[in-house]
Q: 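Below: one structure in structure tokens.
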Amino acid sequence: MSDWVYVRDIAASEGQVVTVKGWLYNRTDKGKLQFLLVRDGSGLIQAVVSEKDIGPEIFAEVQRLTQESAVEVTGIVHADRRAPGGFELQVQDVHVVQFVQDYPITPKEHGVEFLMARRHLWIRSSRQHAILRIRAEITRAVRAWLDGHGFLNMDTPILTPSSCEDSTTLFQTDYFGEPAYLTQSGQLYNEATIGAFGRVYCFGPTFRAEKSKTRRHLTEFWMVEPEMAYVDLDGCMEVEEQFVSYIVQSVLANRADDLKVLERDTSRLEKVVPPFPRISYDDAVKLLNDKGLDFKWGDDFGAPHETVIGESFDRPVFVHHYPTAIKAFYMEEDPQRPEVCLSVDLLASEGYGEIIGGGQRTASYELLEQRIKHHHLTREAYEWYLDLRRYGSVPHSGFGLGIERTVAWLCQIQHIRETIPFPRMLERIYP
RNA sequence: UCCUCGGUAGCUCAAUCGGCAGAGCAGCCGGCUGUUAACCGGCGGGUUGUAGGUUCGAGUCCUGCCCGAGGAGCCA
């Protein structure tokens, strides 16, 4: 019995007889010679089957093998320039674990509707495989950087009694006869945990019940939200640029093969190092007007505006000091200019738009109380949040990074639906 | 929610002015010792999303409905 090895480790077994356990990705039949492309989750390897090596009986069985049949392939590992990946197996034995009939996804072209309905199988395809491996690297890097920089992971609730912000629509559920909502942000809770721990982050799913039907929106998406006590707007931007740069450089260093599968131009990503350019909302408006776009001060940027601003720089760009009126109720005002607030968004390059929203939070009890009233929020529901301004209120900042948008940017893919194993979108909750 | 486009074989698509519904791939049969979405030959494969309407005749024109895609708004 030969050793079971994963394809990713195959180079270490050159010249040895090993067994690969996986699924048939594709097969080419040349008569007395067949090429099996076997994937095992860790990689893809070509297995060369010759009739004279394994005899007519097994050879004929292999000839009947169909796409995605489960197989255990035993053979000698050879380096060969002609093989994808540089190594191949000269097959000595094939054990068929399951013959598969009529696997629906062929190596040919398919439409989005067809593939999305078969998402549970589509994730086996090489492009999807590469994207989801990069996603895993991004989430690994997120935790590694935060854990290494004094942030404590605080898991915030998914079931919440009310809205965190007043702007978006929430999914309502029944909580023992009372209405409850799926969280749209852990931020408010993290403003409490920083009072206990100083620097924290939450990382989990977030839900928005808006009927958004665009390439940048999911109804369920993942967001990491760091929050920091005694950190102002400038300090927040410094953390963001260090954090994002680390994530990008980790993907470049650890997922080069997957970026190649996606044919990602990595030269743009190599430039993603601190410092990032910083422009005020005022200057962003000027920039848009100078480029001939019709945009007036006080409006929020739409997708085309974000694209133009993002494309004006060679790395992600901070836009800060948005009008107070278009931002959430908890944003701190600029003391010199109350009509703008200490908020900052990070717009990704290459037209991928906003990947981070954040800024400095209101520290003043009086201002927050006034904002809650002004935004028609229920005072009672925010009493605990007001408590945080009663007992040791300090300047503090935080931000939320959208994982799927980051994956789409780094993978250079057109639609966010491919950045999560099972996307939840308007009109799609299957599979 | 609004705007635009689409739905034809298992998949991806074609079908001229309203006039016999067709190709590639997949499947099945045969051939081939270096294939990379292999190639060569052969075979089978259809309630044209759905309900009506116009017409001698509708995949094609008209209306409703269903489903999907792209975009807007909102946002990460």
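Throughout, protein chains are lettered first and strands after them, A, B, ... in sequence-line order, and every chain is numbered starting at 1.
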Q: On RNA chain B, check which nucleotide each of A:Asp80 and A:Ile355 is closest to and give me the residue with the more 5' one.
A: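 That would be A:Asp80.
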Q: Measure from CG on A:Leu347 to P on B:A76 and round the result to the nearest Å.
A: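 Rounded to the whole Å, the gap is 12 Å.
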Q: How is A:Arg417 classified with respect to the nucleic acid when contacts are heavy atoms under 4.0 Å: base, sugar-phosphate, or nothing?
A: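 A:Arg417: backbone/sugar contact only, no base atoms under 4.0 Å.
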Q: Measure from CD on A:Glu51 to P on B:G34 and round the result to the nearest Å.
A: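 Between P of B:G34 and CD of A:Glu51: 15 Å.
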Q: When the distance from NZ of A:Lys30 to P of B:G34 is rounded to whole Å, what number comes out?
A: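 Rounded to whole Å, this separation is 5 Å.
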Q: Any strand counts, and the cut-off is 3.5 Å on both contacts for Watson-Crick or G-U wobble. Which nucleotide pairs with B:A51?
A: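 Because both required distances fall under 3.5 Å, B:A51 counts as paired with B:U63.
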Q: May I ask you to verify whether the side chain of A:Gln46 and the base of B:U35 hold a donor-acceptor pair under 3.5 Å?
A: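 Side chain to base: pair present.
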Q: Give the nucleotide from the list B:C25, B:C67, B:C75 with an atom nearest to the side chain of A:Lys108.
A: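 Of all the options, the side chain of A:Lys108 is nearest to B:C25.
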Q: B:A9 and B:G31: how far apart are their P atoms, nearest whole angstrom?
A: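 Pairwise P distance, B:A9 against B:G31, rounds to 33 Å.
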Q: Which nucleotide wins on minimum distance to the side chain of A:Lys52, given the candidates B:A76, B:G34, B:U33?
A: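 The closest nucleotide is B:U33.
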Q: Any chance you could measure A:Met425, atom CE, to A:His217, atom NE2, to the nearest 0.5 Å?
A: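 One finds 13.0 Å between CE of A:Met425 and NE2 of A:His217.
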Q: How would you label the contact of A:Asp300 with the nucleic acid (heavy atoms, under 4.0 Å): base, sugar-phosphate, or nothing?
A: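 Contact class for A:Asp300: sugar-phosphate only.
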Q: Could you check whether A:Ile356 gets within reach of a base, just the sugar-phosphate, or nothing at all, counting any heavy atom under 4.0 Å?
A: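 Counting heavy atoms under 4.0 Å across all strands, the contact made by A:Ile356 is with sugar-phosphate only.
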Q: Record whether the side chain of A:Arg118 comes under 3.5 Å of the base of B:C11 through a donor-acceptor pair of N or O atoms.
A: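 Under the 3.5 Å cut-off, the side chain and the base do not form any donor-acceptor pair.
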Q: OG of A:Ser250 to CD1 of A:Ile134: how many Å apart, nearest 0.5 Å?
A: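 A:Ser250 atom OG to A:Ile134 atom CD1 measures 12.5 Å (nearest 0.5 Å).
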Q: Check the distance between B:G70's P and A:Lys211's NZ and give it to me in whole angstrom.
A: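 That distance rounds to 18 Å.
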Q: When you measure from the side chain of A:Glu210, which nucleotide among B:U1, B:C74, B:G34 comes out closest?
A: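 Selected nucleotide (nearest to the side chain): B:C74.
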Q: Between B:C20 and B:C3, how many Å separate the two P atoms, rounded to a whole number?
A: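 My reading of the P atoms in B:C20 and B:C3 gives 37 Å.
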Q: Counting only side-chain heavy atoms from C-beta out, which of B:C67, B:A69, B:G34 sits nearest to A:Val112?
A: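 Nearest to the side chain of A:Val112 among the choices is B:A69.
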Q: With sugar-phosphate meaning primed atoms plus P, OP1 and OP2, does A:Asn26 contact a base, only sugar-phosphate, or nothing at under 4.0 Å between heavy atoms?
A: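 The residue A:Asn26 makes sugar-phosphate contact but no base contact.
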Q: On a whole-Å scale, what distance lies between the P atoms belonging to B:G68 and B:G34?
A: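 So the two P atoms sit 48 Å from each other.
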Q: Please tell me which of the listed nucleotides, B:A37, B:A76, B:C32, lies nearest to the side chain of A:Ile416?
A: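 The answer is B:A76.
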Q: Could you please name the option among B:C67, B:A69, B:C75 that lies closest to any side-chain atom of A:Arg428?
A: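 Among B:C67, B:A69, B:C75, the one nearest the side chain of A:Arg428 is B:A69.
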Q: Whole-Å distance between B:A69 C1' and A:Gln414 CD?
A: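 Rounded to whole Å, this separation is 14 Å.
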Q: Counting side-chain heavy atoms from CB outward, which of B:G34, B:A69, B:C67 is closest to A:Phe35?
A: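 My answer, after comparing the listed nucleotides, is B:G34.
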Q: When you measure from the side chain of A:Glu88 to the backbone N and O of A:Ala47, does any donor-acceptor pair fall under 3.5 Å?
A: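 Pair absent, no side-chain N/O of A:Glu88 close to backbone of A:Ala47.
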Q: Determine whether the aromatic ring centres of residues A:Tyr322 and A:Phe301 are separated by less than 6.0 angstrom.
A: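 Yes, the ring of A:Phe301 comes within the 6.0 Å limit of the ring of A:Tyr322, centre to centre.
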Q: What nucleotide, of B:C32, B:A72, B:A76, holds the atom closest to the side chain of A:Pro304?
A: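 Nearest listed nucleotide: B:A72.
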Q: Can you check the distance between B:U48 and B:A14, where both ends of the measurement are the C1' atom (answer in whole Å)?
A: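 13 Å, rounded to whole Å.
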Q: Rounding to an integer number of angstrom, what distance separates B:G27 and B:C66 when you compare their P atoms?
A: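 Their P atoms lie roughly 38 Å apart.
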Q: Distance check needed: B:C28 P versus A:Phe99 CZ, whole Å only.
A: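 Taking atom P of B:C28 as the reference, CZ of A:Phe99 is at 11 Å.
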Q: With a 3.5 Å cut-off and heavy atoms only, can you find an N or O donor on one side and an acceptor on the other between the side chain of A:Glu88 and the base of B:G34?
A: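 Indeed, a donor on one side and an acceptor on the other fall under 3.5 Å apart.
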Q: Got a second to check how far A:His415's NE2 is from A:Leu218's CG, nearest 0.5 Å?
A: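 Reported to 0.5 Å precision, the distance equals 8.0 Å.
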Q: Report yes or no: is there a donor-acceptor pair, N or O only, under 3.5 Å between the side chain of A:His217 and the base of B:C75?
A: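 Yes.
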Q: Is there a Watson-Crick or G-U wobble partner for B:C39 with both distances under 3.5 Å, and if so, which one is it?
A: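 Paired with B:C39, as far as the under-3.5 Å criterion goes, is B:G31.
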Q: Please tell me whether A:Phe295 and A:His305 form a close aromatic pair, meaning their ring centres lie under 6.0 Å apart.
A: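 Between A:Phe295 and A:His305, the centre distance is under 6.0 Å.
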Q: Can you check the A:Arg81 CZ to B:G34 C1' distance for me, whole Å?
A: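 In whole Å, B:G34 C1' and A:Arg81 CZ are 12 Å from each other.
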Q: Counting the benzene-type ring for Trp, do A:Phe151 and A:Phe203 have ring centres under 6.0 Å apart?
A: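 No, they do not, as the ring centres are separated by 6.0 Å or more.
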Q: Scan A:Phe114 against the nucleic acid and name what it touches under 4.0 Å (heavy atoms): base, sugar-phosphate only, or nothing.
A: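 Sugar-phosphate contact only.
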Q: For A:His415 and A:Glu354, take the nucleotide of RNA chain B holding the closest heavy atom to each; which residue's nucleotide lies nearer the 5' end?
A: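 On the 5' side of the pair lies A:His415.
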Q: Just wondering, are more than 12 heavy atoms of other shown residues or ligands nearer than 6.0 Å to CG in A:Asp257?
A: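 12 or below, so no.
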Q: Check every strand shown and say whether A:Glu220 touches a base, only sugar-phosphate, or nothing at a heavy-atom separation below 4.0 Å.
A: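 The answer is nothing, as A:Glu220 stays clear of every strand by at least 4.0 Å.
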Q: Go through B:U33, B:C74, B:U12 for me and flag the one nearest to the A:Ser212 side chain.
A: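 Output: B:C74.
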Q: With a 4.0 Å cut-off on heavy atoms, is A:Gly353 in touch with a base, just the backbone sugar-phosphate, or nothing at all?
A: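 Nothing: the residue A:Gly353, judged by heavy atoms under 4.0 Å, touches no strand.
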Q: Centroid distance below 5.5 Å plus an interplanar angle below 30 degrees: do A:Phe221 and B:A76 meet both conditions?
A: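 Ring-base stacking flag set for A:Phe221 and B:A76.
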Q: Over how many whole Å does the gap from A:His110 atom NE2 to B:G24 atom P extend?
A: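 Between P of B:G24 and NE2 of A:His110: 18 Å.
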Q: Counting side-chain heavy atoms from C-beta on, which of B:A26, B:A76, B:C67 comes nearest to A:Thr106?
A: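 Taking heavy atoms from C-beta onward, the closest nucleotide is B:A26.
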Q: For B:C28 and B:A69, measure between their P atoms and round to the nearest Å.
A: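 31 Å, rounded to whole Å.
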Q: Tell me which nucleotide, if any, is Watson-Crick or G-U wobble paired with B:A69 when both distances must be under 3.5 Å.
A: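 Across any shown strand, B:A69 pairs with B:U4.
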